[in-house]
Amino acid sequence: MRKVLVVDDDSHIRDVVCFALRRAGFEVAEAADGETGLQAFRRDKPDLVVLDVLMPVLDGLDVCRAIRAEAMRGSEAGGRNVPILFLSSKDAETDRVVGLDAGGDDYIVKPFSPRELTARVNAHFRRIDALDDPRVSRITAGPVSMDLDAQSATVAGRAVDLTRTEFGLLATLVRQCGKVLDRETLTHGAYKGNRVVSDRTIDSHMRRLRAKLRTTGVDPIQTVHGVGFRLDPATRRQPSASDG
């Protein structure tokens with residue numbers, strides 16, 4: 001049974017969300033403020049977090065950043081990059097962007113339908129299951145679509161010609177979309193067997209891969225300095241002069 005952590009300082013909303021998730025078959029942990037929520041994340045190791053944005057002392061954005069920072073450090077307590085769904089009464093586009101930039105995977109505006117929230121939680125788990133299933137031949141994240149059997153990739157609807165190593169790097173990023181991957185993880189994904197290559201070699205492949213992606217008007221790969229790389233699913237293609 002998958003576990004969902006619900007963090008919200010409004011007891012009524014927390015009760016509604018927890019009831020809906022339990023009814024859908026999830027194990028649920030809950031916390032009434034950001035600091036307690038962060039402690040619960042470390043202790044209970046949930047598979048997904050539903051996180052209110054506006055909370056006193058430690059708000060949801062700070063909690064999300066702390067969780068993502070621990071994931072990048074690979075700490076034993078919280079080093080797992082689980083999906084985070086924000087709840088917020090702020091519905092402006094800038095608020096959504098701030099939430100996603102902080103490391104959120106989804107943003108739901110209050111008031112909301114408990115059925116919609118549950119459906120979104122299920123959708124995130126289906127996506128995780130699909131990416132983890134070795135039988136799956138097609139994977140998609142943001143503007144990137146890949147056919148693993150045909151070894152072909154499209155970005156923003158445009159075909160990109162990749163070497164085997166570049167294809168392996170991109171597939172590894174897509175499979176773990178949103179997560180920051182260090183060079184060792186990327187090496188295992190890009191090369192078969194236990195081949196050892198230097199960080200400089202991975203960086204060279206990554207530069208060539210990103211140069212090819214940019215020809216489509218999109219570079220969804222982000223560099224996290226001192227750690228590694230991540231694929232940002234929210235990246236969109238920028239219009240070019242050739243688009244008319």
Side-chain angles (χ1 to χ4, degrees), residues 1-72 78 80-131 140-143 177-179 222 230-236:
M1 183 182 296
R2 278 173 159 151
K3 181 183 292 186
V4 179
L5 172 63
V6 179
V7 186
D8 198 306
D9 64 332
D10 187 320
S11 60
H12 173 68
I13 291 179
R14 198 169 64 249
D15 289 345
V16 169
V17 172
C18 289
F19 176 81
L21 292 172
R22 289 190 177 105
R23 189 174 182 180
F26 296 107
E27 180 181 353
V28 180
E30 57 183 292
D33 59 74
E35 185 173 351
T36 305
L38 191 54
Q39 294 171 357
F41 175 81
R42 295 164 177 158
R43 180 187 65 244
D44 297 328
K45 297 178 173 58
D47 301 298
L48 182 144
V49 180
V50 177
L51 183 60
D52 184 29
V53 172
L54 298 177
M55 293 185 291
V57 184
L58 194 65
D59 68 20
L61 297 175
D62 288 334
V63 173
C64 181
R65 293 186 184 105
I67 290 174
R68 295 312 189 210
E70 291 187 3
M72 285 190 288
R80 298 169 308 113
N81 215 333
V82 304
I84 295 177
L85 279 67
F86 278 122
L87 296 179
S88 179
S89 58
K90 304 173 70 175
D91 63 352
E93 180 182 1
T94 53
D95 297 314
R96 296 172 183 268
V97 170
V98 168
L100 297 175
D101 283 348
D105 298 278
D106 207 343
Y107 193 100
I108 302 174
V109 177
K110 302 176 183 178
F112 59 90
S113 161
R115 292 181 61 185
E116 179 189 0
L117 185 144
T118 302
R120 293 203 191 190
V121 169
N122 280 318
H124 280 281
F125 283 134
R126 283 196 302 271
R127 177 178 171 277
I128 291 171
D129 289 341
L131 292 177
T140 300
C177 179
K179 296 182 179 179
Q222 296 179 340
R230 70 184 288 268
L231 190 142
D232 179 8
T235 305
R236 295 290 182 266

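When side chains are defined from C-beta on, L48 counts as touching V121, because their heavy atoms get closer than 4.5 Å. With contacts defined as side-chain heavy-atom distances shorter than 4.5 Å, the pair E27/D47 does not qualify. Residues F41 and V82 form a side-chain contact, since some pair of their non-hydrogen atoms from C-beta on lies under 4.5 Å apart.
The shortest non-hydrogen separation linking L38 to A66 is CD2-CB, 3.8 Å. Of all heavy-atom pairs between G142 and T140, the closest is O-CG2, 4.1 Å. Taking every heavy atom of both residues into account, C64 and G104 meet most closely at SG-N, 3.7 Å. Across every non-hydrogen atom of V7 and G37, the tightest pair is CG2-CA, 3.9 Å. Smallest separation of non-hydrogen atoms from R42 and K45: O-NZ, 3.4 Å. Among all heavy-atom pairs drawn from P83 and H124, the shortest one is CB-ND1, 4.3 Å.
The structure places CZ of R115 at 9.5 Å from CZ of R23, a figure rounded to the nearest 0.5 Å. Rounded to the nearest 0.5 Å, atoms CZ (F26) and CG (L5) are 14.0 Å apart. Atom-to-atom distance recorded for S88:OG and L51:CG is 10.0 Å, nearest 0.5 angstrom.
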* What's the verdict on side chain to side chain contact (heavy atoms under 4.5 Å, CB included) for L87 and I108, showing C-alpha distance, side-chain angles and the deciding distance? -> CA-CA 5 Å; L87 296 179; I108 302 174; 3.9 Å; yes

* To do: Test side chain to side chain contact (heavy atoms under 4.5 Å, CB included) on I13 and F112 and set out the steps.
  => CA-CA 10 Å; I13 291 179; F112 59 90; 4.1 Å; yes

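With sequence neighbours left out, the side chain to side chain donor-acceptor pair (under 3.5 Å) criterion links R120 to D106, E116. Residues satisfying the salt bridge (Lys or Arg N to Asp or Glu O under 4.0 Å) criterion with D95, sequence neighbours excluded, are K90. With sequence neighbours excluded, the residues forming a side chain to side chain contact (heavy atoms under 4.5 Å, CB included) with D59 are L61, D62, listed by chain and number. Judged as a ring pair (Phe, Tyr, Trp, His ring centres under 6.0 Å), and not counting sequence neighbours, Y107 has no contacts. Here D232 pairs with Q222 under the side chain to side chain donor-acceptor pair (under 3.5 Å) rule; sequence neighbours left out.
Counting only distance, with no hydrogens or angles, the side chain of D105 and the backbone of I84 share a donor-acceptor pair below 3.5 Å. Panel note: side chain D44, backbone P46; no donor-acceptor pair is recorded below 3.5 Å.
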Distance-only check: which donor-acceptor pairs under 3.5 Å involve side-chain atoms of residues 14-22, not counting sequence neighbours?
{"unit_1": "R14", "atom_1": "NE", "unit_2": "E30", "atom_2": "OE1", "d": "3.0"}
{"unit_1": "R14", "atom_1": "NH1", "unit_2": "D8", "atom_2": "O", "d": "2.7"}

